[in-house]
Amino acid sequence: MNYWLMKSEPCTFGLSHLQQAPHQTSFWDGVRNYQARNFMRDNMKLGDLAFFYHSNCQTPGIVAIIEIDKTAYPDATAWDPNSKYYDPKSTLENPRWVGVDVRLKQAFSNPISLAALRQQPALDTMLILRRGNRLSITPVTPLEWETVLTLQTEVL
DNA sequence: GCCAACGTTGGC
DNA sequence: GCCAACGTTGGC
């Protein structure tokens, strides 16, 4: 099993959207970066766990744990001319972009802020904390995963 | 709103 | 294949 961190702007798709989705499950669409796509397409397995990270908002940070509910399949928003994710180079025969289904596993009652993550020396290696990193999907090591969990004081 | 850092594009 | 220009990201 693998661990991941998946980043989203809460005004576009945040924890509240996922909580209100049927079965608290949603297609993770709109990824338009090849490296992030390759992680989803090639490495994400059913049952993998990911941190749900809110970016570009008042308090950036990890707000929940989500689980990969369905492995990668074509992202239909790339075919929709009315979508802001439209990409004319993605065809039905040769889809360029993919997404996965994610299911909410645990919403943190106390989200772990970016500032709190930065205070942890053990998390220096986390890609999300690396200077200039912009990848919306990044792998997380088991050690990093456990370290983040220890910061989550609220148990259930 | 600012700006550093990065990815993508396209001319050559 | 190089690289300048441009667009985007995202913390602050």
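Below, read A as the first sequence line, B as the second, and so on, with proteins coming before strands; counting in each chain starts at 1.
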Scan for salt bridge (Lys or Arg N to Asp or Glu O under 4.0 Å) pairs involving residues 99-109 of chain A, sequence neighbours excluded, and state none if there are none.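 Residue pairs passing salt bridge (Lys or Arg N to Asp or Glu O under 4.0 Å), neighbours aside: Glu67(A)-Arg103(A), Glu67(A)-Lys105(A), Asp69(A)-Arg103(A).
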Whole angstrom is fine here: how far is it from [atom1] in [X] over to [atom2] in [N]?
X: Arg134(A); N: dG7(C); atom1: CZ; atom2: P; answer: 14 Å
X: Arg96(A); N: dT8(B); atom1: CZ; atom2: P; answer: 10 Å
X: Leu117(A); N: dG11(C); atom1: CG; atom2: C1'; answer: 14 Å
X: Trp97(A); N: dT8(B); atom1: CH2; atom2: C1'; answer: 10 Å
X: Asn133(A); N: dT8(C); atom1: CG; atom2: C1'; answer: 14 Å
X: Arg32(A); N: dG7(C); atom1: CZ; atom2: C1'; answer: 16 Å
X: Lys7(A); N: dT8(C); atom1: NZ; atom2: P; answer: 16 Å
X: Leu114(A); N: dC12(C); atom1: CG; atom2: C1'; answer: 10 Å

Spacing of CG belonging to Leu5(A) relative to CG belonging to Leu49(A), to within rounding of 0.5 Å
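Rounded to the nearest 0.5 Å, the CG-CG separation comes out at 12.5 Å.
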Item checked: Test side chain to side chain donor-acceptor pair (under 3.5 Å) applied to Asp80(A) - qualifying residues, sequence neighbours left out ->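 So Asp80(A) forms no side chain to side chain donor-acceptor pair (under 3.5 Å) with any residue.
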* Would you please name every residue forming a side chain to side chain donor-acceptor pair (under 3.5 Å) with Arg41(A), sequence neighbours left out? =>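 Checked Arg41(A) against side chain to side chain donor-acceptor pair (under 3.5 Å); matches are Asn38(A).
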For Leu135(A), give me all partners under side chain to side chain contact (heavy atoms under 4.5 Å, CB included), at least two apart in sequence or on another chain.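 Here the qualifying residues are Asn33(A), Gln35(A), Ala36(A), Phe39(A), Asn133(A), Thr138(A).
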Any donor-acceptor pair under 3.5 Å linking the side chain of Ser8(A) with the backbone of Phe13(A)?
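Flag set: sc Ser8(A) to bb Phe13(A) pair under 3.5 Å.
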Side chains of residues 116-125 of chain A: which donor-acceptor partners sit under 3.5 Å, not counting sequence neighbours?
unit_1, atom_1, unit_2, atom_2, d
Arg118(A), NH1, Leu129(A), O, 3.0
Thr125(A), OG1, Glu144(A), OE2, 2.6

* Asked: Which nucleotide sits closest to the side chain of Gln35(A): dC6(B), dG7(B), dT8(B)?
  ->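 Out of dC6(B), dG7(B), dT8(B), the nucleotide with an atom closest to Gln35(A)'s side chain is dG7(B).
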Practice problem: Report the residues that fulfil salt bridge (Lys or Arg N to Asp or Glu O under 4.0 Å) with Arg32(A), sequence neighbours left out, ordered by chain and then residue number. | Solution: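 Asp75(A).
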Enumerate donor-acceptor pairs with a distance under 3.5 Å from any side-chain N or O in residues 81-90 of chain A to protein atoms, sequence neighbours excluded.
unit_1, atom_1, unit_2, atom_2, d
Ser83(A), OG, Tyr85(A), N, 2.9
Asp87(A), OD1, Lys89(A), N, 2.9
Asp87(A), OD2, Trp97(A), NE1, 2.8
Ser90(A), OG, Trp79(A), NE1, 3.4
Ser90(A), OG, Arg96(A), N, 2.9

Note to self: So if I take residues 52-65 of chain A and measure heavy-atom distances to DNA chain C, which residues fall below 4.0 Å?
What the structure shows: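 Those residues are Tyr53(A), Ser55(A), Asn56(A), Pro60(A).
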task: Please work out which residues in residues 77-90 of chain A have a non-hydrogen atom less than 4.0 Å from an atom of DNA chain C and list them by number.
output: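 Output list: empty, so none.
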field: Hydrophobic cluster partners of Leu143(A) (side-chain heavy atoms under 4.5 Å)
entry: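 In the cluster with Leu143(A) there is nothing else; it is isolated.
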What protein N or O atoms touch nucleotides 2-4 of chain B N or O atoms at under 3.5 angstrom, if any, and at what distances?
none

Check: residues 15-29 of chain A side-chain donor-acceptor pairs under 3.5 Å, at least two apart:
unit_1, atom_1, unit_2, atom_2, d
His17(A), ND1, Gly14(A), N, 2.8
Gln24(A), NE2, Gln19(A), O, 3.4
Thr25(A), OG1, His23(A), O, 2.8

